[in-house]
Amino acid sequence: MDQPLLARRFDVELVKVTKRYGQTVAVDGISLRIPPASYCCLLGPSGCGKTSTLRMIAGHEVISDGDVLIHDQNVTDLPPRERGTAMMFQSYALFPHLSCLDNVAFSLKAKGVPKVQRHAKAREYLALVHLEKYADRLPAQLSGGQQQRVALARSLITEPRVLLLDEPLSALDPFLRTKVREELKRFQRDLGITFIHVTHSQDEAMALADLMVVMEDGHIRQAGPPREVFERPDSAFVARFIGGHNILAGPSGAVAVRADRCRLGTPNGGPHATGRVAAVEYQGTSVRVAVDLGQGEDAAVVVPDAAFFAGPVQPGDAATLVWAEQDAHALEQPPV
């Protein structure tokens with residue numbers, strides 16, 4: 001029997017989970033605890049192990065070593081249908097010959113639920129994603145964002161304990177991606193269930209996650225709330241991958257400094273680095289100035305647009321990068 005929200009410790013717990021494909025180790029002994037009713041994003045570069053991790057939670061990949069617990073129950077050896085999870089795939093995988101209503105109701109049909117009951121429940125979930133008026137349309141008659149919401153309704157109708165999402169926004173254009181991610185966060189909050197969302201987008205993870213998990217080479221490099229990870233990256237890899245940071249030489253080693261906390265100017269005895277302007281990128285409310293520091297090192301400064309145009313620079317100009325000591329965060333692992 002499932003435990004109530006306040007009684008269970010974690011919605012998902014990974015205990016030293018490893019996945020091998022032959023001699024290749026895709027996921028290497030990772031442990032992770034996801035609190036109840038969380039939005040967790042797994043992110044990292046291609047090949048980091050995030051999708052393999054998601055598929056092991058779902059039961060679509062056999063775990064080589066370790067355990068997966070869902071709602072404090074060990075599900076390592078259970079088939080997918082007995083884990084209380086639902087998977088929403090990147091391609092949506094809608095049946096092209098079925099209406100939206102029948103796509104959403106499909107899992108209930110497979111369980112033998114009578115047509116009247118399954119259609120009634122499917123209409124409830126179409127209403128949840130604001131598509132009740134499209135119940136009789138085929139997937140080809142819908143936009144990409146509408147197809148995504150049908151796929152979401154089809155996943156949610158099984159009333160999963162945990163919803164697993166494999167890069168669900170990657171096929172959408174940037175404007176629609178922003179709108180749909182707002183909806184995903186609302187659905188997760190309203191339903192009160194844990195979402196585990198694989199993405200390669202740093203912006204997506206920071207916008208959605210309560211718990212952001214950064215992976216590299218089959219390991220978890222850092223996990224925590226997005227602001228904590230952004231403000232205090234553990235390593236040069238995390239700082240570079242999350243973006244918006246410069247890796248610079250400090251008095252006692254490498255430090256990460258947010259690009260928006262740096263400026264171009266006179267050091268006045270404080271920490272600084274010298275180089276030349278490599279590129280200038282106008283970004284609307286701000287301007288990003290890339291600086292070549294020499295010896296293969298680079299950095300950037302993000303300047304409010306009004307400040308930049310009051311004293312503009314251009315590629316080739318000499319530049320001194322200045323930052324305050326209190327804005328520098330020492331890195332536990334040196335840059336590679």
Side-chain angles (χ1 to χ4, degrees), residues 12 14 17-32 34 39-58 60-61 63-64 66 87-91 164-174 177-178 181 184 195-248 254-259 279 281 288 290 296-300 329 331-336:
V12 176
L14 308 182
V17 169
T18 295
K19 178 60 184 177
R20 301 185 191 91
Y21 298 97
Q23 298 300 311
T24 301
V25 180
V27 178
D28 193 1
I30 66 170
S31 294
L32 178 67
I34 303 176
Y39 204 120
C40 173
C41 284
L42 307 179
L43 74 158
S46 297
C48 71
K50 57 187 184 292
T51 297
S52 293
T53 299
L54 192 77
R55 290 177 60 81
M56 285 190 288
I57 295 170
H60 297 154
E61 292 284 357
I63 296 172
S64 302
M87 175 80 88
M88 182 175 162
F89 296 97
Q90 181 178 354
S91 63
L164 309 172
L165 304 101
D166 186 9
E167 300 202 32
L169 308 182
S170 61
L172 304 178
D173 65 68
R177 194 177 302 140
T178 299
R181 79 184 183 200
L184 281 175
F195 283 22
I196 304 178
H197 178 136
V198 162
T199 179
H200 60 268
S201 168
Q202 300 89 334
D203 291 343
E204 196 171 293
M206 284 199 276
L208 286 168
D210 305 310
L211 175 63
M212 188 161 73
V213 181
V214 184
M215 298 186 67
E216 180 197 26
D217 293 338
H219 296 89
I220 293 175
R221 297 305 187 195
Q222 190 168 356
R227 189 166 187 260
E228 177 185 301
V229 175
F230 186 77
E231 290 281 353
R232 303 186 66 80
D234 282 347
S235 66
F237 166 77
V238 173
R240 288 192 176 111
F241 184 78
I242 293 300
H245 290 81
N246 296 315
I247 310 301
L248 301 164
V255 296
V257 186
R258 283 172 41 172
E281 297 178 345
R288 180 180 181 274
E297 297 184 358
D298 54 29
H329 169 64
L331 297 172
E332 294 180 8
Q333 299 175 30
V336 293

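All values below come from the heavy atoms of this structure, side chains included, with hydrogens, waters and symmetry mates left out.
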For N246 and A299, which heavy atoms make the closest approach, and how far apart are they?
OD1-CA, 3.3 Å
Working to the nearest 0.5 Å, report the span between SG of C41 and NE2 of H197.
5.0 Å
Kindly indicate whether the side chain of V238, heavy atoms from C-beta on, has any atom under 4.5 Å from the side chain of H245.
no
Between CD of Q222 and CD of E228, what distance do you get to the nearest 0.5 Å?
6.5 Å
Return the minimal non-hydrogen interatomic distance between C40 and V213, and the atom names on each side.
SG-CG2, 3.9 Å
Shortest non-hydrogen pair, V229 vs A223, comes out as CG2-C, 4.4 Å
Between H329 and E231, is the side chain to side chain donor-acceptor pair (under 3.5 Å) condition met? List the steps.
CA-CA 8 Å; H329 169 64; E231 290 281 353; over 6 Å; no
CE (M212) and CD (Q202) are apart, to the nearest 0.5 Å, by 8.5 Å
Heavy-atom closest pair (L54 atom, L42 atom, distance to 0.1 Å) is N-CD1, 4.5 Å
Pick out which of L211, V17, V12 makes a side-chain contact (heavy atoms from CB on, under 4.5 Å) with L32.
L211
Would you call the rings of Y39 and F195 parallel, tilted or perpendicular, where under 30° means parallel and over 60° means perpendicular?
tilted
I need the I196 CD1 to I34 CD1 distance, nearest 0.5 Å.
3.5 Å
side-chain contact (heavy atoms from CB on, under 4.5 Å) for L169 and T199? Distances and angles first, verdict last.
CA-CA 8 Å; L169 308 182; T199 179; over 6 Å; no
Taking every non-hydrogen atom, the tightest pair across A207 and R181:
CB-NE, 3.6 Å
Return the CD to CG distance between E204 and L184, rounded to the nearest 0.5 Å.
8.5 Å
L14 and I57: side-chain contact (heavy atoms from CB on, under 4.5 Å), yes or no, with the steps?
CA-CA 8 Å; L14 308 182; I57 295 170; 3.9 Å; yes
Would you say the side chain of R258 lies within less than 4.5 Å of the side chain of F230, judging by non-hydrogen atoms?
yes
Separation of M215 CE from I30 CD1 (nearest 0.5 Å)
4.0 Å
Identify the heavy atoms of I247 and A256 that sit nearest to each other, and give their distance.
CD1-CB, 4.2 Å
Pairs under 3.5 angstrom only: tabulate donor-acceptor contacts from the side chains of residues 43-53 to other protein residues two or more places apart or in another chain.
from: K50; atom 1: NZ; to: G44; atom 2: O; distance (Å): 2.9
from: K50; atom 1: NZ; to: P45; atom 2: O; distance (Å): 3.3
from: S52; atom 1: OG; to: Y21; atom 2: OH; distance (Å): 3.2
from: T53; atom 1: OG1; to: G49; atom 2: O; distance (Å): 2.8

